[in-house]
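Quick caveat: nothing in here was measured; it's all calculated off a predicted structure. Each ligand, and each atom within it, is numbered from 1 in the order the structure gives.
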Amino acid sequence: MEGSSSLQQVSCRAKGGAPGFKVAILGAAGGIGQPLAMLMKMNPLVSVLHLYDVVNSPGVTADISHMDTGAVVISLSLSLWGHVLLYNVNHGLVRGFLGQSQLEDALIGMDLVIIPAGVPRKPGMTRDDLFNINAGIVKTLCEGITKCCPDAIVNLISNPVNSTVPIAAEVFKKAGTYDPKRLLGVTMLDVVRANTFVAEVMGLDPREVDVPVVGGHAGVTILPLLSQVKPPCSFTPEETDYLTSRIQNGGTEVVEDFLYLFLSCSLLGSAWLYLQPIRISELPSITEEHNTLSCLTDDSNFFVHMSEAKAGAGSATLSMAYAAVKFADACLRGLRGDASVIQCAFVASQVTELPFFASKVRLGRTGIDEIYPLGPLNVYERVGLEKAKKELAESIQKGVSFIKK
Ligand code: NAI
């Protein structure tokens, strides 16, 4: 492609003196894509940012490019024949790409490709319900990667991650470009939530908490290893149940309407307060209430706070963009050669008998340098692991079959 090679030459010049990596976001105009693009624009490790979507990417690009962050880079225009007509220095390192015909230009020469393209979960949908739509989108985008930047690190966000990562692997295998060290399913949001929820229960600063979350990225496949939390914490069986369930269902808390019951009681002379999230759809008699409500009941032993969450308008986008940037930054620091960059991710793995599994990985100059074993698990976690593996095996198989068929 003539236009593409011109673009490649010029983007290399753009990188010239400015150290940094070239990053593409596919699905950049979406709920996750937009804040993700904004945060990546603020990352000093990024020298060129390509924003691709099938809708609205020019507007998002213009918006983001007005931010006065980042290096001065070269922008260009292409003639009808793909030759560079002019290029000039401007104040944006962001380029927008719209629609399938521009996918290859968006991908050429990229070091890191982040994929939040696809449809999000709606109330009542499981991540697997998304499969048919998102599987096709991920397949097309990965075919573009095999052609244009086969050596790029790929961060796959589109759900169901437990199936889309195997889909991507099969696409890359088919094209002969598969390197398992470079394909990572993003499970960082589970870790971010786990750190936050554990910190809440233990009264700690979430920035100081590190919870390994292994397995996969849907329901029971999300397995927080609370026995390995840093700093070391001990949890009662009730706390373990509450935290595990909240971490596994954190996404549903954002997607669905929830009623939070703050239950108070007195036990052994002390007052206790419990937070109990209950789906509003499970309590039809209370759905008439307005957006946020706090009221004392007759016997004053509990009060309720109702939140409409996103009420069908989408799934986690802001915390996900934050988590995706945290993860992408770790990948870029690994590429730069920083030592001891360790994060959890869903990757091709021999940690269990399954071909893919999320666990801690060390990131380096070529992607994953090392995959860590799970470490000692307690009985609760061993039971959880068996449940996780059963569901994970089906989701992985579903992804593999989608391409093999
Ligand atoms: P959204 O609908 O707001 O945005 C998706 C974007 O993808 C849209 O701008 C859409 O135009 C674009 N898109 C659709 N088809 C495309 C294609 N063929 N090529 C390029 N772009 C395309 O959805 P949202 O909320 O941003 O979620 C995106 C995905 O991320 C969903 O699959 C969602 O389930 C997943 N997700 C993953 C999480 C994780 O922890 N890994 C957490 C939350 C969401």
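For K360 and E370, the salt-bridge test fails: no basic side-chain N is under 4.0 Å from an acidic carboxylate O. A salt bridge is defined here as a Lys NZ or Arg NE, NH1 or NH2 lying under 4.0 Å from an Asp or Glu carboxylate O, and E200 with R246 meets this definition. Residues D179 and K181 are not paired through a salt bridge, judged by the lack of any N-O separation under 4.0 Å between the basic side chain and the carboxylate. Between K139 and E143 there is a salt bridge, with a side-chain nitrogen of the basic residue lying less than 4.0 Å from a carboxylate oxygen of the acidic one. A salt bridge between K22 and D111 is absent, with no side-chain N of the basic residue lying under 4.0 Å from a carboxylate O of the acidic one.
For a threshold of 3.5 Å applied to N or O pairs, the pair formed by I157 and ligand 1 contains at least one separation below that value. Polar contact check, G30 against ligand 1: a nitrogen or oxygen pair lies under 3.5 Å apart. Checked by distance only, ligand 1 and G31 come closer than 3.5 Å through their nitrogen or oxygen atoms. An N or O contact shorter than 3.5 Å links V119 to ligand 1 by distance. Between M320 and ligand 1, not a single N/O pair is under 3.5 Å apart. Polar contact check, Y52 against ligand 1: no nitrogen or oxygen pair lies under 3.5 Å apart. Between D53 and ligand 1, a contact under 3.5 Å exists for at least one N or O pair. Checked by distance only, ligand 1 and G118 come closer than 3.5 Å through their nitrogen or oxygen atoms. Geometrically, ligand 1 and G33 share no nitrogen or oxygen pair separated by less than 3.5 Å. The distance criterion of under 3.5 Å between nitrogen or oxygen atoms is met by N134 with respect to ligand 1.
Counting heavy atoms closer than 4.0 Å to ligand 1, residue T317 contributes side-chain atoms (C-beta onward) but none from N, CA, C or O. Only side-chain heavy atoms of L130 come within less than 4.0 Å of ligand 1; its backbone N, CA, C and O stay farther off. Contact annotation: for M188 versus ligand 1, there are no heavy atoms closer than 4.0 Å.
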Can you list the steps and then say if V171 with Y178 is a side-chain contact (heavy atoms from CB on, under 4.5 Å)?
CA-CA 8 Å; V171 171; Y178 183 46; over 6 Å; no
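At least one heavy atom of I137 sits less than 4.0 Å from an atom of ligand 1. Put simply, no part of T140 is less than 4.0 Å from ligand 1, judged by heavy atoms.
Listed by atom number, the atoms of ligand 1 under 4.0 Å from H217 heavy atoms are 38 (C), 39 (C), 40 (O), 41 (N). Each of the atoms 11 (O) of ligand 1 lies under 4.0 Å from some heavy atom of V55. With ligand atoms numbered from 1 in the order given, ligand 1 contributes 9 (O) to contacts under 4.0 Å with heavy atoms of A29. Each of the atoms 41 (N) of ligand 1 lies under 4.0 Å from some heavy atom of V161.
The option from P160, G144, A117 that lies nearest to atom 22 (C) of ligand 1, judged by heavy atoms, is A117.
The aromatic rings of F97 and H50 lie tilted to each other, with the angle between the two planes from 30° to 60°.
Closest heavy-atom contact between N134 and N159: ND2-O, 2.8 Å.
At least one side-chain heavy atom of I145 sits under 4.5 Å from a side-chain heavy atom of F172.
At a cut-off of 3.5 Å, with distance as the only test, a side-chain donor of K41 or T69 sits close to an acceptor on the other residue.
With H217 as the partner, the side chain to side chain donor-acceptor pair (under 3.5 Å) test is satisfied by one option alone out of T164, N162, D190: D190.
In this structure, Y242 has its ring center no closer than 6.0 Å to that of F235.
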